[in-house]
Amino acid sequence: MIACSNPKAQYLARKHEIDTVIGNVLESGWYILGHEVKQFEHEFANYIGVKHGIGVANGTDALHLALVACGIGKGDEVITVSHTAVATAAAIVMAGASPVFVDIEPDFFTMNPSHLESVISENTKAIIPVHLYGQAANLAPIIAFAKKHNLYVIEDVAQAHGGTYHGKRLGSFGDLACFSFYPTKNLGALGDGGMVVTDNPEFAEKIHLLRQYGWKKKYVSYSYGYNSRLDELQAAILRVKLPYLDMDNQARKRIAQLYKTSFVHHGASNQNLTLPKIRHDGNHVFHLYVIHSSRRDSLKMYLQQHEIGTIIHYPVPVHLQPAYTACKISKHGLAETEKAVQEILSLPMYPELTADDVLHVVDVIRNFKWV
Ligand SMILES: *Cc1c(COP(=O)(O)O)cnc(C)c1O
């Protein structure tokens, strides 16, 4: 069986280093918000190219706390996409605000900036662009629009650690940016984890308070707050993995390149199978390798029969999920979003995937009866 993603392969690749730091944390006797978290916050913020990083419990909390730090809550609207992990919208609701959905660009599956104008209202406070599948959203026009209308930009970088846009790391463009360290992400913990990064010291201070009961010092709350802490074990594991992130992303890119050349070589890339398109103004880090096909469902079943794991990211757009049907959507509609979910399929993609496995996947797809 070839899995679609494989976080255990990454653990095994760094087993000795990871086991060592886990042992060290266990022996230290300090398990929550200590040296490891502090160091990892510095190292990760430095890697992204921003001043502050605040470790939190997961990516959804990172988005939630970023929104609360901006003062966003009841009655406010936040523009995002429906074609994303439900977490993006869930965080907006957690803050008490309402998600408002715009459509995606069909080539890149990310926010269509030309639809932003159609949903703006006096209640709009922020935009959350999602850098989906490892690739940047079309940030320049989104940021220009936000500036013009005095809106916050909060980047959802949960799928694009290390990706770039116009030569800068994703996560260094917005007022704040949010990361998840869920095990399958490009930088993954062995459990849950997340981070908010920002250049703004006031936002950083607010997030520090919000993640732990509003405490400025122990036992004294200066604001309301939550419990959303990154633990020492996960931070120590992430510190082992961070120095390998660029290498791992390179491996993902090599795999994507091999998929492409093999599909083209075998002529399997016909009108029934479209390969991912890459923006020329950014570095795609291939969190996922997403093809689309009008025969998606039968192709998925066929690959399952041949022991090749695939996943649909994501099968039901947020605005069509029962809990979100009342949300406002763009008057241009979400036709591209609804079309994409019928056709997308994520093929196996993780840094340890071998070239032989990639060639095998392409070979099996080559023998699929398209008609
Ligand atoms: C994974 C993910 C999240 C949420 O992260 P968690 O750590 O699972 O809470 C948010 N947005 C996107 C786009 C994601 O892929």
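Counting convention: from 1, in listed order, for ligands and their atoms alike. For clarity, every value in this text was computed on a predicted model and none was experimentally measured.
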Report task. Kindly say whether Leu151 contributes a backbone atom to a donor-acceptor pair with the side chain of His149 at under 3.5 angstrom? Result -> no
Query raised in the report: What's the shortest heavy-atom distance between Leu170 and Phe179, and which atoms?
Result: O-CZ, 3.8 Å
Report task. May I ask you to establish whether Arg211 and Tyr226 are in a cation-pi arrangement, using a distance under 6.0 Å from NZ or CZ to the six-membered ring centre and at most 45° from the ring axis? Result -> no
Query raised in the report: Between Lys168 and Phe173, is NZ or CZ placed under 6.0 angstrom from the six-membered ring centre and within 45° of the ring axis?
Result: yes
Query raised in the report: Any chance the side chains of Ser330 and Ser118 put a donor and an acceptor closer than 3.5 Å?
Result: yes
Write none if no such pair exists; otherwise list each N/O atom of ligand 1 with its protein N/O partner under 3.5 Å and the distance.
residue  : atom   : partner : partner atom : Å
ligand 1 : 5 (O)  : Ser180  : OG           : 3.2
ligand 1 : 7 (O)  : Gly59   : N            : 2.8
ligand 1 : 7 (O)  : Ser180  : OG           : 2.7
ligand 1 : 9 (O)  : Gly59   : N            : 3.3
ligand 1 : 9 (O)  : Thr60   : N            : 2.9
ligand 1 : 9 (O)  : Thr60   : OG1          : 2.5
ligand 1 : 11 (N) : Asp156  : OD1          : 3.3
ligand 1 : 11 (N) : Asp156  : OD2          : 2.8
ligand 1 : 15 (O) : Gln159  : NE2          : 2.9
ligand 1 : 15 (O) : Lys185  : NZ           : 2.7

Query - Phe368: partners by ring-ring contact (aromatic ring centres under 6.0 Å, His included), with sequence neighbours left out - result: Tyr302, Trp370
